[in-house]
Amino acid sequence: MLLATFKLCAGSSYRHMRNMKGLRQQAVIAIGQELNRRALGGPNPSTWISQVRRRSSLLGSRLEETLYSDQELAYLQQGEEAMQKALGILSNQEGWKKESQQDNGDKVMSKVVPDLGKVFRLEVVVDQPMERLYEELVERMEAMGEWNPNVKEIKVLQKIGKDTFITHEMAAEAAGNLVGPRDFVSVRCAKRRGSTCVLAGMATDFGNMPEQKGVIRAEHGPTCMVLHPLAGSPSKTNLTWLLSIDLKGWLPKSIINQVLSQTQVDFANHLRKRLESRPASEARC
């Protein structure tokens, strides 16, 4: 039924589709075919990942309402691909090795993924409802530099539709300044499906944000954060963060691995402090 719905959305019976440029119509059809292929293939994921992967393939529901430029369609496709790839990595439970585990249960794991290299996975339980985390991580994304010392600034450069963003992020120096200034230009896709939220992203090109002098342009992705209520305790949230970064430049792998693993541990601690210091009513102001 879902596949049939998408085909109707992309079909020639829609007047606005008949009037689209040939290239744009081909792009829409290609997106549908690719996402259908991904939704039908791959290993059997856990229930919450499976739910998001199936429903996130309904890109046609957004294209039905608004016509996008060819460049915007490319960004939409990138966001969807980042989400599918990241969730695919998370759904494969084989090969993960423990990097560290904190006294509060926060755990960082890693594995080597073909064509990506070493990726990191943070698993934590946050003593706050999922809505609060969604507000802070998605709706107040640009305020992250206020509470996360590893981030100097995040700016939304462009918003496409309801849930796709082009962002520029300035990262702070790390490892005693051994890791110098880095910045990232990424496409991010935020989705809410039932009791699960996903924020996915990957590196992209954006003409209005060229590389800056003295700053190395690093690359994200695919990466994602998945939020869902803790079973039996809906006032708490399971947060899973898949981190995949190419820091560029010349850096020993041992330093890179140490920095990325510690970044995830620090993030969880800073996020908790932020949520505790800002009551829900204040966060919505």
Side-chain angles (χ1 to χ4, degrees), residues 48 86 90 99-109 120-157 159 162-163 165-177 179 181-184 186 188-201 218 220 223-243 245 258-285:
W48 57 268
L90 288 178
E99 291 279 334
S100 66
Q101 183 161 355
Q102 309 304 306
D103 293 339
N104 62 0
D106 292 0
K107 182 167 56 177
V108 176
M109 296 175 288
F120 295 83
R121 173 178 183 157
L122 174 71
E123 296 277 1
V124 303
V125 174
V126 181
D127 193 14
Q128 294 282 346
M130 184 182 69
E131 183 66 27
R132 284 286 289 111
L133 275 72
Y134 184 86
E135 289 175 2
E136 204 63 59
L137 297 175
V138 180
E139 296 176 358
R140 293 180 50 81
M141 184 189 306
E142 291 185 309
M144 188 176 294
E146 297 176 5
W147 55 268
N148 187 351
N150 292 317
V151 176
K152 287 186 175 180
E153 183 181 56
I154 293 182
K155 285 188 177 180
V156 175
L157 303 176
K159 185 175 181 180
K162 297 178 180 179
D163 52 31
F165 312 83
I166 308 300
T167 64
H168 178 249
E169 175 183 342
M170 280 292 301
E173 293 84 354
N177 294 332
V179 181
R182 257 70 174 173
D183 73 343
F184 304 83
S186 307
R188 304 189 187 212
C189 182
K191 287 186 177 292
R192 301 187 62 171
R193 292 293 183 265
S195 61
T196 300
C197 299
V198 181
L199 174 61
H220 276 132
T223 185
C224 76
M225 289 187 185
V226 182
L227 313 173
H228 60 101
L230 181 66
S233 299
S235 63
K236 299 181 180 181
T237 304
N238 271 315
L239 184 154
T240 300
W241 177 17
L242 176 72
L243 179 61
I245 288 184
Q258 179 183 352
V259 168
L260 297 184
S261 177
Q262 189 61 44
T263 293
Q264 291 193 303
V265 173
D266 292 343
F267 169 82
N269 293 331
H270 296 311
L271 177 61
R272 287 190 178 98
K273 291 178 181 178
R274 173 68 165 188
L275 296 173
E276 292 169 359
S277 66
R278 287 177 58 84
S281 58
E282 181 183 350
R284 294 192 182 96
C285 293

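Any value given below was found using the heavy atoms of this structure, including those in side chains, with hydrogens, waters and symmetry copies removed.
- Of the inter-residue distances, the one linking L133 atom CG with M225 atom CE reads 9.5 Å to the nearest 0.5 angstrom.
- Interatomic distance, L227 CG to T196 OG1, rounded to the nearest 0.5 Å: 9.0 Å.
- Within the 4.5 Å cutoff, side-chain heavy atoms of H220 are placed close to those of E169.
- The backbone N or O of T167 lies less than 3.5 Å from no partner atom in the side chain of S186, so there is not a single donor-acceptor pair.
- Rounded to the nearest 0.5 Å, atoms CG (D183) and NZ (K152) are 10.5 Å apart.
- Considering all non-hydrogen atoms of both residues, M141 and L137 come closest at CB-O, 3.8 Å.
- Atom NZ of residue K191 and atom NZ of residue K162 lie 10.5 Å apart, to the nearest 0.5 angstrom.
- Within 6.0 Å of CD on E123 lie more than 12 heavy atoms contributed by other residues, nucleotides or ligands.
- Under a 4.0 Å N-O distance rule, the pair E135/R132 qualifies as a salt bridge.
- Within the 4.5 Å cutoff, side-chain heavy atoms of I245 are placed close to those of F184.
- In terms of modelled atom types and a separation under 3.5 Å, the side chain of E142 and the main chain of V156 share a donor-acceptor contact.
- The closest side-chain heavy-atom distance from F120 to V108 is below 4.5 Å.
- Paired with E136 under the rule salt bridge (Lys or Arg N to Asp or Glu O under 4.0 Å), one option of K273, R274, R272 passes, and it is R274.
- For the pair L90 and C224, the tightest heavy-atom approach, listed with the atom from each and the gap, is CD1-SG, 3.6 Å.
- No side-chain heavy atom of D106 sits less than 4.5 Å from a side-chain heavy atom of V265.
- Taking 4.5 Å as the limit, every side-chain heavy atom of L239 sits out of range of all side-chain heavy atoms of M130.
- No side-chain heavy atom of R140 sits under 4.5 Å from any side-chain heavy atom of W147.
- Pairing each heavy atom of P149 with each of A172, the nearest pair is O-CB, 3.3 Å.
- The minimum heavy-atom distance between A268 and L122, with the atom names listed, is CB-CD2, 4.3 Å.
- Rounded to the nearest 0.5 Å, atoms OG1 (T237) and CD (Q128) are 8.0 Å apart.
- When atom types are taken as modelled, the side chain of Q264 and the backbone of W241 share a donor-acceptor pair closer than 3.5 angstrom.
- Nearest heavy-atom pair across L199 and A190 is CD1-CB, 3.9 Å.
- Side-chain atoms of S235 never come within 3.5 Å of backbone atoms of P129 as a donor-acceptor pair (strictly under, hydrogens ignored).
- Taking 4.5 Å as the limit, some side-chain heavy atom of R188 sits within range of a side-chain heavy atom of I154.
- Rounded to the nearest 0.5 angstrom, E99 CD and L260 CG are separated by 9.5 Å.
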